[in-house]
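No hydrogens, no waters, no symmetry mates; every other heavy atom, side chains included, goes into these values.
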Amino acid sequence: MLEVLNHPLITHKLTQMRSKDTGTKDFRENLDEIAELMAYEVCRDLPTQPVDVETPIGPCVGYELSKEVVIVPILRAGIGLLDGIRRLVPTAKVGFIGMYRDEKTLEPHEYFAKFPKDLDKSVVMIVDPMLATGGSAVAAIDAVKKRGANNIKLVCLVGVPEGVRAVQKAHPDVDIYLAAMDEKLNENGYIVPGLGDAGDRIFGTK
């Protein structure tokens with residue numbers, strides 16, 4: 001499933017992020033706020049289970065999450081989405097995966113991975129601001145599946161059809177959530193119109 005979250009607040013904040021004149025502070029704050037807004041929609045179908053609750057007036061049956069949520073940012077830019085989602089799901093556990101791209105083959109390679117236990121019993125959200133070629137996303141999904149994950153959501157800010165197709169071909173069972181679907185990739189692999197290098201803009205490294 002692919003869902004592009006067409007929400008006025010998300011669109012407004014993303015427009016501010018796209019501007020080349022937006023500084024690191026405002027870029028990071030808007031990304032953080034968009035992550036929280038996206039999390040509300042991404043979590044809409046999380047499984048729940050009934051639980052007996054005693055209110056000040058009397059007993060009732062409520063519902064609570066029946067599975068752990070694990071957020072997995074793809075380093076480094078994925079960290080920018082982490083806090084916004086955790087505000088909405090404060091009990092979420094966090095894993096990390098680092099990828100680098102081989103300069104000759106352009107294939108992604110895992111250089112760091114650290115995950116909580118029991119991924120097979122959890123809802124795993126892989127987060128990264130950009131879904132460009134899809135290579136890093138596919139490799140990250142491969143990595144969590146190797147460790148038992150079977151309920152996976154890919155959450156990205158901006159994507160392009162090329163990246164979406166790559167993920168859907170490799171992992172048709174993974175739901176993809178985007179804040180916006182952009183036009184295409186340019187010859188350097190950047191999303192057009194995109195918002196530039198998300199990692200550099202989040203951390204002010206360029």
Do you know the tightest heavy-atom contact between [X] and [Y]?
X	Y	answer
Val138	Ala166	CG2-O, 3.8 Å
Ile74	Ser136	CD1-O, 4.0 Å
Gly80	Ile202	CA-CD1, 4.2 Å
Phe112	Phe96	CE2-CB, 3.9 Å
Leu88	Tyr40	CD2-N, 3.2 Å
Val89	Cys43	CG2-SG, 3.8 Å

- Query: With the threshold set at 4.0 Å, does a side-chain nitrogen-carboxylate oxygen contact exist between Arg147 and Asp142?
  - Reply: no

- Could Arg201 and Glu29 be called an ion pair, given the rule that one side-chain N must be under 4.0 Å from one carboxylate O? no

- Task: Verify salt bridge (Lys or Arg N to Asp or Glu O under 4.0 Å) between Arg86 and Asp32, making sure each step is shown before the conclusion.
- Result: CA-CA 10 Å; Arg86 289 187 79 189; Asp32 183 62; over 6 Å; no

- Message: Just checking Phe203: does its CZ atom have more than 12 heavy atoms from other residues, nucleotides or ligands closer to it than 6.0 angstrom?
- Response: yes

- Separation of Asp175 CG from Asp45 CG (nearest 0.5 Å): 7.0 Å

- Please, which pairs that meet side chain to side chain donor-acceptor pair (under 3.5 Å) have at least one residue in residues 53-72, sequence neighbours excluded? Gln49-Glu64

- Which residue pairs satisfy the side chain to side chain donor-acceptor pair (under 3.5 Å) criterion with at least one member in residues 179-189, sequence neighbours excluded? Arg18-Asp182

- Query: Do Leu2 and Leu157 belong to the same hydrophobic cluster, where Ile, Leu, Val, Met, Phe, Trp and Tyr are linked whenever their side-chain heavy atoms lie under 4.5 Å apart, directly or via other members?
  - Reply: no

Show every donor-acceptor pair shorter than 3.5 Å between a side-chain atom in residues 120-133 and any protein atom, with sequence neighbours excluded, or say none if there are none.
| residue | atom | partner | partner atom | Å |
| --- | --- | --- | --- | --- |
| Ser122 | OG | Asp118 | O | 2.9 |
| Thr133 | OG1 | Gly135 | N | 3.2 |

- Item | Worked verdict on Thr22 versus Arg28 for side chain to side chain donor-acceptor pair (under 3.5 Å) | CA-CA 10 Å; Thr22 298; Arg28 189 168 54 236; over 6 Å; no

